Amino acid sequence: MAMLESIVVFTLLLLMLILIIILILFAFKPWRFFSSLLSFPSRSRSIKVEDVERPLVSDDVNHSQDQSNDLTRNYDLEGACYQSEALLRSPRNKGLVHKQRLPSASPHQGDSLVLEISDPSEDLLVGQTLKHPLATEHLIEALKLGRPENQNENSIQEFVPKVISDQRSCLSLEVVSGPSRGIRCSVQSTNPSRLPLTLGRVSPSDLLLKDAEVSGKHAMITWNSNKLKWELVDMGSLNGTLLNSQPINHPDSGSRQWGHPMELASGDTITLGTTSNIQVRILSQNECMVPFGVGMISDPMSLRRGGKKLPMEDVCYYQWPLPGIDQFGVFGICDGHGGVEAAKSASKILPEMLATILSDSVIRERVLSQHDASDVLKDAFLRAEASMNNYYEGCTATVLLVWADADENFYAQCANVGDSACLMNVGGKQIKMTEDHKISSYSERLRMEGMGEPLRDGETRLCGLNLARMLGDKFVKQQDSRFSSEPFISESVHINQTSGAFALLASDGFWDVVTAKKAIQLVAQEREKELMAESEKENLAEKIANVLLNEARTQRTKDNTSIIFLDFDSTSRRISCKVDDP
C-alpha cells in the first residue's frame with residue numbers, strides 16, 4: 001500500500017513538472033529562433049545599390065544586427081518611413097548589412113529584403129535615394145570632374161526652373177474711422193528707406209494716429225521678400241490689433257510681447273484699439289497702370305448684431321491686365337455662404353479661366369471686333385464650376401470684364417450668379433448689369449416653372465438657401481435640380497472717355513440698405529466736391545468707395561459689405577503708387 005502511494009505521488013510530481021515545462025516553453029517560445037534561422041536564408045535575397053530606387057534609413061551596425069527582428073517599421077509606397085526619432089542614427093563608414101521589411105507587390109506580405117551595402121564610402125541619410133535624380137546625377141558628375149565644392153548649389157540650380165516674380169508692390173493705407181480719419185500713407189516695396197512702416201500715436205511713426213487707444217508704437221508693416229507679401233505685426237500694444245476683426249496681438253496683452261506676423265491682402269481692415277480702422281490697398285506694378293480709377297474696400301461689419309463678430313465671407317478682387325492679355329481686365333466680388341473657401345476658390349479660378357479663354361487669338365479678336373464677350377463669360381463660369389470642389393459651401397459671383405479697343409474706348413460686360421449686383425452709369429443713364437437670383441425673385445420663379453418644378457406659394461428657400469444660382473454647393477445641387485450655376489450675361493456697354501461713366505459692384509450687404517438711386521446720388525455729390533475743391537483726383541475712386549461704405553454703415557447693414565468702384569471719367573483716369581507723407 002505504501003508503495004502504491006509513493007507511485008501516485010511520484011506520478012503527480014512528474015505531471016506537475018511536465019506542466020511547468022510546457023508553460024515555460026509557451027511563455028518564452030524558443031522555437032521562434034529556430035524557425036527564423038531555418039526560413040531566413042530561403043526568403044532573403046541581395047540587392048545591389050544601383051538597383052534600388054527608394055529612400056533608405058541607415059542605422060548603427062550593432063543596433064541593426066541585434067534588433068532587426070524586434071523593430072517594426074512601416075513604409076508607404078513612396079518609401080517614407082514612420083518610426084521613432086531614437087531609431088534614426090548616422091551611418092558608419094564601414095560595410096552595412098541592414099535588414100528591413102518593405103511592402104511587397106506579391107501576396108506574401110511577410111517577405112523581407114536584405115540590403116547588403118559593402119561600399120564603405122556610401123553614406124546613406126534619411127530620405128536619400130540610392131539612384132539619384134537628374135539634378136543630383138549632374139552634381140555627382142561635376143564632383144567627379146573636380147569642380148569646387150562651393151559650386152554644388154549652382155550646378156543643381158541650373159536644372160531647377162527659375163520663377164521670376166516682380167517684387168514691386170505698392171501698399172496704401174487710409175484711416176477710415178476714428179479721430180484721425182482721412183489720413184493716408186503709401187509706400188513701395190522697392191523703397192527700403194521707408195520700410196518697415198510703423199503705426200502709432202507718437203513720432204516717428206509713419207502713420208501717426210491721434211487716438212488715445214493707440215499705443216505709442218502700436219503695429220508695424222514689413223515687406224517679406226521671400227513670400228513677396230506684406231506682413232502686419234502687433235508691437236506689444238496695450239489695446240490690441242485686429243485684422244478683419246480677428247486679434248493678431250499676443251494673447252497676454254500686459255506682457256507687451258510682439259504678436260506673430262500676419263499676411264495682408266488688398267481690402268483688409270486693420271483695427272487699432274476699438275475705433276481706428278485702417279483700410280489696406282495693395283497694388284502690383286501692373287495694377288498701378290490701370291487706365292481708370294479703381295476703389296476697392298470691404299468691411300465685415302463685425303460690430304453689428306449686438307456686438308457679435310461676423311465672419312468675413314466676402315472676397316473682392318481685380319486683375320489689370322489679365323496675364324498675357326494687355327487690353328483686358330477683370331473685376332469681381334464673391335460673397336460666400338457656409339464659409340469663405342468657395343468664395344476664395346472662385347475669385348482665383350474665374351480670372352484664370354478668363355485669361356485662358358482669351359489667350360486664344362481667334363476668340364480675342366472676335367470679342368474686339370464684335371464688342372461682345374458673352375460666350376467667353378459663360379464658358380469661364382462653366383469651367384469654374386467644374387473646377388470647384390466645394391460641396392457644402394457656395395458663393396455668389398459677379399464678374400465685370402473690361403477691355404479697350406485701338407481707339408482707347410472701353411467696353412464692359414458683366415456676368416453673375418447670386419445677389420451681388422453691379423450697376424453702371426454712362427452719360428447719366430443708369431444701366432443694370434446683373435440679375436437677382438434669390439429664390440423669391442420673379443425671374444427665378446419663372447425659370448423653375450419652365451422646368452416643370454414650380455415653387456410653392458410662400459416658398460422662399462430651397463434646402464435652407466435663399467439663392468437659386470451660385471457656384472459651389474454641389475451637395476444641394478445633387479439633391480435639387482432647380483439649383484443652377486448658369487450665369488446671367490448683360491449686354492456689353494460702350495464707354496467713351498467723356499461720358500463721365502462709372503461702374504459699381506457691391507455685395508448684398510450694401511444693396512440691402514442702399515438703393516441704386518441713393519448710390520448714384522452719393523457718387524455725384526462726391527465728384528462735385530472734388531471738382532469744387534480742385535484738389536488732386538488720383539484717389540477719387542477710393543474716396544467714393546469709402547463714402548459708399550460709410551453710407552452702408554450709417555444705415556446699419558447687418559452683413560459683410562464689399563465695394564468696387566470704377567471711375568472711367570477722363571479727368572480722374574489713373575491711380576498711382578506715390579509715397580505720401582503722413
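Worth saying up front: this structure is predicted, and the values here are computed from it rather than measured. Just so you know, these numbers use all the heavy atoms, side chains as well, and skip hydrogens, waters and symmetry mates.
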Subject >> Side chain D508, main chain W511, donor-acceptor under 3.5 Å >> reply: no

Subject >> Validation row: T515, K518 side chains within 4.5 angstrom (heavy atoms) >> reply: yes

Original post:
Does the pair R281/E174 count as a salt bridge with the N-to-O cut at 4.0 Å?
Top reply: no

Original post:
Rounded to the nearest 0.5 Å, how far apart are CD of E341 and CE of M388?
Top reply: 10.0 Å

Subject >> Side-chain donor-acceptor pair present, H371, D405, cut-off under 3.5 Å >> reply: no

Original post:
Less than 4.0 Å between a side-chain N and a carboxylate O, is that true for R482 and E444?
Top reply: no

Subject >> Atom pair CG/SG of L207 and C185 - distance to nearest 0.5 Å >> reply: 5.5 Å

**OP:** Spell out, as yes or no, whether a donor-acceptor pair under 3.5 Å connects the side chain of S441 to the backbone of D436.
**Re:** yes

Original post:
Salt bridge check: are R527 and D567 linked by an N-O gap of less than 4.0 Å?
Top reply: yes

Subject >> Close side-chain approach of L368 and E365, heavy atoms under 4.5 Å >> reply: yes

Subject >> Rounded distance (nearest 0.5 Å) linking atom CG of D268 with atom CG of D299 >> reply: 11.5 Å

Original post:
Counting N and O atoms only, with roles assigned by atom type, does the side chain of S177 sit under 3.5 Å from a partner on the main chain of S276, one being a donor and the other an acceptor?
Top reply: no

**OP:** Indicate, with yes or no, if the rings of Y318 and F331 have centres closer together than 6.0 Å.
**Re:** yes

Original post:
Among I221, I248, L242, whose side chain to side chain contact (heavy atoms under 4.5 Å, CB included) with I270 holds?
Top reply: I221

**OP:** For Q279 and G267, indicate whether the former's side chain and the latter's backbone hold a donor-acceptor pair under 3.5 Å.
**Re:** yes

Subject >> From D314 atom CG to M301 atom CE, the distance as rounded to the nearest 0.5 Å >> reply: 10.0 Å

Subject >> Check: A524 main-chain N/O paired with K529 side-chain donor or acceptor under 3.5 Å >> reply: no

**OP:** Please round to the nearest 0.5 Å and tell me the distance separating atom OG1 of T460 and atom CD1 of I439.
**Re:** 8.5 Å

Original post:
Looking at side-chain heavy atoms only, is the closest gap between L401 and L377 below 4.5 Å?
Top reply: yes

**OP:** Could you go through the side chain to side chain contact (heavy atoms under 4.5 Å, CB included) check for L423 and I520 one step at a time?
**Re:** CA-CA 9 Å; L423 70 82; I520 293 173; 4.2 Å; yes

Original post:
Just by distance, do the side chain of T198 and the backbone of D206 share a donor-acceptor pair under 3.5 Å?
Top reply: yes

Original post:
Does the S266 side chain pair with the main chain of I282, one donor and one acceptor, at a distance under 3.5 Å?
Top reply: yes

Subject >> Non-hydrogen side-chain atoms of L465 and H337 separated by less than 4.5 Å >> reply: yes

Original post:
Are S189 and S169 linked by a side-chain donor-acceptor pair shorter than 3.5 Å?
Top reply: no

Original post:
Does the side chain of D512 pick up a donor-acceptor pair with the side chain of T557 at under 3.5 Å?
Top reply: no

Original post:
Is there side-chain contact between P192 and W223, with heavy atoms separated by less than 4.5 Å?
Top reply: no

**OP:** Check whether the side chains of E231 and N224 place a donor and an acceptor atom closer than 3.5 Å, and report yes or no.
**Re:** yes

Original post:
Looking at R447 and E435, does any basic side-chain N land under 4.0 Å from a carboxylate oxygen?
Top reply: no

Original post:
Just checking, is any N or O donor in the side chain of T269 or N277 under 3.5 Å from an acceptor N or O on the other one?
Top reply: no

**OP:** Would you please classify the geometry between the Y411 ring and the W403 ring as parallel, tilted or perpendicular, with 30° and 60° separating the classes?
**Re:** parallel

Original post:
So, F410 versus F292, ring centres under 6.0 angstrom or not?
Top reply: yes

Subject >> Residue pair V523 / F502, side-chain heavy-atom distance below 4.5 Å >> reply: yes

Original post:
Is it true that the side chains of S374 and D372 contain a donor and an acceptor less than 3.5 Å apart?
Top reply: yes

**OP:** Give a yes-or-no answer on whether the side chains of T396 and S420 include a donor-acceptor pair shorter than 3.5 Å.
**Re:** yes

Original post:
Any sub-3.5 Å donor-acceptor pair from S180's side-chain atoms to I183's backbone N or O?
Top reply: no

Original post:
Are any of the side-chain heavy atoms of V176 and R553 separated by less than 4.5 Å?
Top reply: yes

Subject >> Pair T241, D234: side-chain N/O donor-acceptor within cut-off below 3.5 Å >> reply: yes

**OP:** State whether D211 and R201 are salt-bridged, where the test is any N-O pair (Lys NZ or Arg NE/NH1/NH2 against Asp/Glu carboxylate O) under 4.0 Å.
**Re:** no

Subject >> Close side-chain approach of Q521 to E526, heavy-atom, < 4.5 Å >> reply: no

Original post:
Is a salt bridge present between D379 and R383, judged by a nitrogen-to-oxygen distance below 4.0 Å?
Top reply: yes

**OP:** Using atom types as modelled and distance alone, determine if a side-chain donor or acceptor of K432 lies under 3.5 Å from a backbone N or O of A421.
**Re:** no

Subject >> Separation between NE2 of H250 and CH2 of W258, rounded to the nearest 0.5 Å >> reply: 13.5 Å

